[in-house]
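Structure first, commentary second.
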Amino acid sequence: MNEGQNGLRGRTASPSDDADRAVLELVTDGQLDALQELYDRYRTMAYSIALRITTDPSQAEDVVQDAFLGVWRNASRYVEGRGSVKTWLLSIVHHRAVDAVRRRRPTSVLPEREDTPPPSLTLPDVWQEVVGNLDRAEIAGAMASLTDVQREAIELAYWGGLTQQEIAARTGAPLGTVKSRVRLGLLALRRTLIGADAGAGDDRGGRGLPAEDGSA
Amino acid sequence: MSEQPMSHEQALDLAALYVLGALAPADEAAVRDHLATCGLAHTEFDELGGIVPALLEDVELVEPPAALRDRIMDAARADLAARGGHPRAAATSPPADGLSEFPSAAERETRRAARTGRLDWAIRIAAVIAIVAVGAWGIGLQRQLDTSQRFDRAVAAVLDAAAKPGAQAVILTPAAGKQGRGLAAVAADGTVTLAMRDLPATGGSQVYTAWVIVGKMPTSLADFTVDSNGIASVTSHPAPTRAGAIIALTLEPNAGNSAPKGEIVSTGVTPGPPPGAAG
């Protein structure tokens, strides 16, 4: 595995990443103009993500407001080297939007963790990005190249805010199958989008996961 | 703190669902705990998680309404004012959970401590004030910047007073059928600093009078007038007070009354232990 080296990992920062970091630094200093600049750079993406998840324009607005206030208050918690400012910001939007749809789902089977921090304090994980500045069409194409069941599982999880159990209930697939569809789908996306390094998927094949479809 | 720690294999098995945020809260917490404490490599999480940002691009682009920018900027402005204009005040508060992907055990302890309520009380006050201040700019409310800034400054004054030792914060809410809400800081010597909004303007000889009511005995704190912007920023003289005392505003026909003649407009109750000058 070449994952430990600088090869495929750690995509190079683009000029716009550097500019974003400079703006975020000003946000940390309490510069309202900088927050507005950040908003203007990412409002369309942020709102589009929130709208896709919540499917409700007014809730999407609330999510975006909540997320940008979270960024405003927590700008100093951005960790350089763990992904771009853009990804950090949009991950916060995604996270808040999923929180919002889970809260409004009346039949949610999710027990509240007693130590769940209030939503305003939670920031999502941001993983080291392996792809950057990809064409949107390229990403749509990669999604289209997944099998139907893989795409469905990833979309229900990521855009529907459903948990593994809920996806299983919705699709009628066993839990283990849901798990493997999501995993293999992500690995296929990785393979398609960054070309090389398909090895990660292949050398894990022996971990007893069911075959991709898993329905047999 | 799960009853049964998750094994390394179990955590790896859930990696794909974890990076997509698709685990039930209990499972997610268990994986998070595992990542925080396990010394083994977790490349699977990076491999799978690294692709997730690409998914964010898979949306149909929709422009948000133009008014959303104003809402966000107003709320941020109020938040800044609530922190007394010190932008880093919030940044230095204990971090909450979910900040980074591999928090150290020590970090986790700090976060637990933050969750279990060992927050400095000044931070709690700041949070309360922020909620009130943000509420001042309700959805779709169009206010002049000038008015916003006046209320900002009023809130900042209350925050400063509330941050002093022995001070207490009070939220004032409107009486039935009345308007006027805000917050107050009651200093240890009973001096009250008020920030109010939405108060109907006074006319003629009318004044608002702030009172502290201990038991059933009201003591006048300050008289003040309000113009059409509905904002008041007032600091009273010291007065005897104690825990459970009521801070009230009345609309009086004239200034200088030693007992209320008018109706109560807005009230709040002092919380917690008695301030130094208990009466």
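Proteins come first, then strands; the chains are lettered A, B, ... in the order of their sequence lines, and each starts at number 1.
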Residue from Asp27(B), Leu14(B), Val59(B) scoring the most non-hydrogen pairs under 4.5 Å with chain A is Val59(B)
Looking only at Pro64(B), Pro65(B), Ala16(B), the option with the highest number of non-hydrogen pairs under 4.5 Å against chain A is Pro64(B)
Whatever's closer than 4.5 Å to a heavy atom in chain B on Leu51(A) counts as side chain
Regarding [X] and [Y], does a basic nitrogen lie under 4.0 Å from an acidic carboxylate oxygen?
X        : Y         : result
Arg52(A) : Glu155(A) : yes
Glu28(B) : Arg32(B)  : yes
Arg41(A) : Asp20(A)  : yes

Applying a strict 4.5 Å limit to non-hydrogen atoms, the region of Glu60(B) in contact with chain A is backbone
Item to complete: Fit a plane to each ring of His34(B) and His8(B), take the angle between them on a 0 to 90° scale, and name the class: parallel (under 30°), tilted (30 to 60°) or perpendicular (over 60°).
Response: tilted
